[in-house]
Amino acid sequence: GLASCTDEQIEDKNQKDGIQFKTLVGMNSIFKSTELNNAAFTEFWVSAYRTQGDLNYDSTQTLIPYINNLRVMKINQVTNEWNYTGNYYWPLTQKLNFFAHNAGASSVLPTTQFTNFPSFEFTQDFTSATTQKDVVVARSLNQTQMATPVALTFNHVLSQINFSLKGADEGPEYIIKKIEVLGIRQTGTCRFRDTLYYMWNTTGSPSVAYTYFDAGANPGRSISTSLVSFGNGSGVASNPLTGHEALMIIPQDGENLTIKITYDVVNQGVTLSSNAIATTTLAGERMNVGKKVRYNLTIPTPTGVANNRITFTGTVSDWNTEVIGGVTTTGN
């Protein structure tokens with residue numbers, strides 16, 4: 001069992017009464033840019049705090065650490081069973097408040113006595129599409145001794161961003177070569193609050209440039225005036241022409257994210273513009289917690305190409321003035 005503070009009474013229960021966990025992943029599940037289901041969810045970190053009374057958003061309860069950043073791992077995929085190293089037991093009289101996340105071992109919750117809700121810091125890894133991580137969090141408040149596992153429902157606290165593109169004009173092909181997102185804040189602090197609502201505070205300069213789609217040595221992806229999805233979470237990173245994984249971003253309110261598109265314009269097999277650049281700024285956009293956002297972008301025809309569009313004019317000349325023919329009579 002665990003030793004208590006000198007002024008708190010903790011009772012160790014039998015092994016069968018040890019604290020256990022069961023989990024459920026909420027809807028709109030995206031994890032490492034692929035759909036997160038319970039099969040893909042295999043570990044989380046949980047902290048528990050003792051309180052004398054009920055903890056809620058308006059309360060001033062003192063939170064006393066009881067379980068500190070404990071790693072919990074799935075041991076049975078079929079039955080959704082979880083286990084951890086060591087044994088933890090229910091306090092005799094106090095209530096336990098559980099806070100959990102999958103952000104990693106470095107994203108720790110407070111380990112000292114405090115008031116208010118806990119928070120943790122998270123830094124997204126934009127090295128590649130597959131290194132991105134979707135952060136899911138859960139909480140279970142004001143729990144007392146129970147024989148069943150503690151039920152934790154995990155919900156998503158990042159924003160998922162995808163893009164669909166179309167060309168501005170009928171006729172030319174727009175060959176999309178690269179889509180970049182500029183000015184991303186990489187690090188933020190997530191604070192647990194009301195049910196299903198979590199507050200993010202971003203830190204650091206908005207300096208990350210993320211390549212969302214890159215045809216590389218391939219000729220690029222041809223689009224016309226119909227919207228084409230360039231990210232739906234089902235793409236294969238090694239084959240960018242099949243689509244691309246979603247961008248998982250810390251929610252940023254009022255940030256000026258810039259979208260940069262590099263493309264060629266081709267007509268009848270002839271390249272009219274090479275490596276044209278189109279940009280747009282998502283000024284004041286709110287990337288909502290746990291939401292999927294799709295931006296539908298129209299790619300412009302470069303001015304130099306648009307001004308050189310082939311046009312036609314035509315005139316019809318008048319008939320000549322009627323003249324008298326050489327035959328003046330007709331025979332019988």
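- By the rule that hydrophobic residues join a cluster once side-chain heavy atoms approach within less than 4.5 Å of another member, M73 and V46 end up as members of separate clusters.
- Between the side chain of K95 and the backbone N or O of D54 there is no donor-acceptor pair closer than 3.5 Å.
- The backbone N or O of M248 lies less than 3.5 Å from a partner atom in the side chain of Q124, making a donor-acceptor pair.
- Separation of atoms CD1 (I75) and CG (N80) is listed at 10.5 Å; rounding is to 0.5 Å.
- Between the side chains of T225 and E170, at least one donor N or O lies within less than 3.5 Å of an accepting N or O.
- Taking the side chain as every heavy atom from C-beta outward, L109 and F192 approach each other to under 4.5 Å.
- Taking the six-membered ring for Trp and thresholds of 30 and 60 degrees, W45 and H101 have nearly parallel ring planes, at less than 30 degrees apart.
- Under the 3.5 Å distance criterion, with hydrogens and angles disregarded, a donor-acceptor pair is assigned to the side chains of Y174 and T301.
- N68 approaches S47 most closely through the heavy-atom pair C-OG, 4.0 Å.
- Under the 4.5 Å side-chain heavy-atom criterion for grouping Ile, Leu, Val, Met, Phe, Trp and Tyr, F114 is connected to F99 within one hydrophobic cluster.
- The backbone N or O of T51 sits nowhere less than 3.5 Å from a side-chain atom of Q61 that would complete a donor-acceptor pair.
- Listed for the T187 side chain is no donor-acceptor partner under 3.5 Å among the backbone atoms of T123.
- E81 is not listed as a side-chain neighbour of P149, based on a closest heavy-atom distance of 4.5 Å or more.
- Looking at Y66 and Q94, their side chains never bring a donor and an acceptor atom within 3.5 Å of each other.
- Scanning all heavy atoms of the two residues, the minimum distance from T153 to A138 falls at O-CB, 3.2 Å.
- L227 and F163 fall into different hydrophobic clusters, where Ile, Leu, Val, Met, Phe, Trp and Tyr residues are linked whenever their side-chain heavy atoms come under 4.5 Å apart, directly or through other members.
- For K133 and D125, the salt-bridge test fails: no basic side-chain N is under 4.0 Å from an acidic carboxylate O.
- Aromatic ring orientation, Y57 versus F117: tilted (interplanar angle from 30° to 60°).
- Neither V266 nor I261 shares a network with the other; the hydrophobic side chains, linked directly or stepwise wherever heavy atoms of I, L, V, M, F, W or Y lie under 4.5 Å apart, form separate groups for each.
- Ring geometry for F122 against W200 counts as perpendicular: the plane angle is over 60°, on a 0 to 90° scale with 30° as the lower cut.
- Without hydrogens or angle criteria, T262 side chain to I277 main chain gives no donor-acceptor distance under 3.5 Å.
- Hydrophobic clustering (side-chain heavy atoms under 4.5 Å, transitive across Ile, Leu, Val, Met, Phe, Trp, Tyr) groups F213 together with V208.
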task = Starting from the C-alpha separation in whole Å, work towards a yes-or-no answer on ring-ring contact (aromatic ring centres under 6.0 Å, His included) for W82 and F44.
result = CA-CA 10 Å; W82 299 77; F44 61 87; 5.0 Å; yes

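- Using a 4.5 Å heavy-atom threshold, the side chains of N97 and N142 count as touching.
- Taking every heavy atom of both residues into account, I176 and A215 meet most closely at O-CB, 4.4 Å.
- Two residues are said to be in side-chain contact when any heavy atoms from C-beta on lie closer than 4.5 Å; Y88 and L70 meet this criterion.
- Listed for the N162 side chain is no donor-acceptor partner under 3.5 Å among the backbone atoms of F230.
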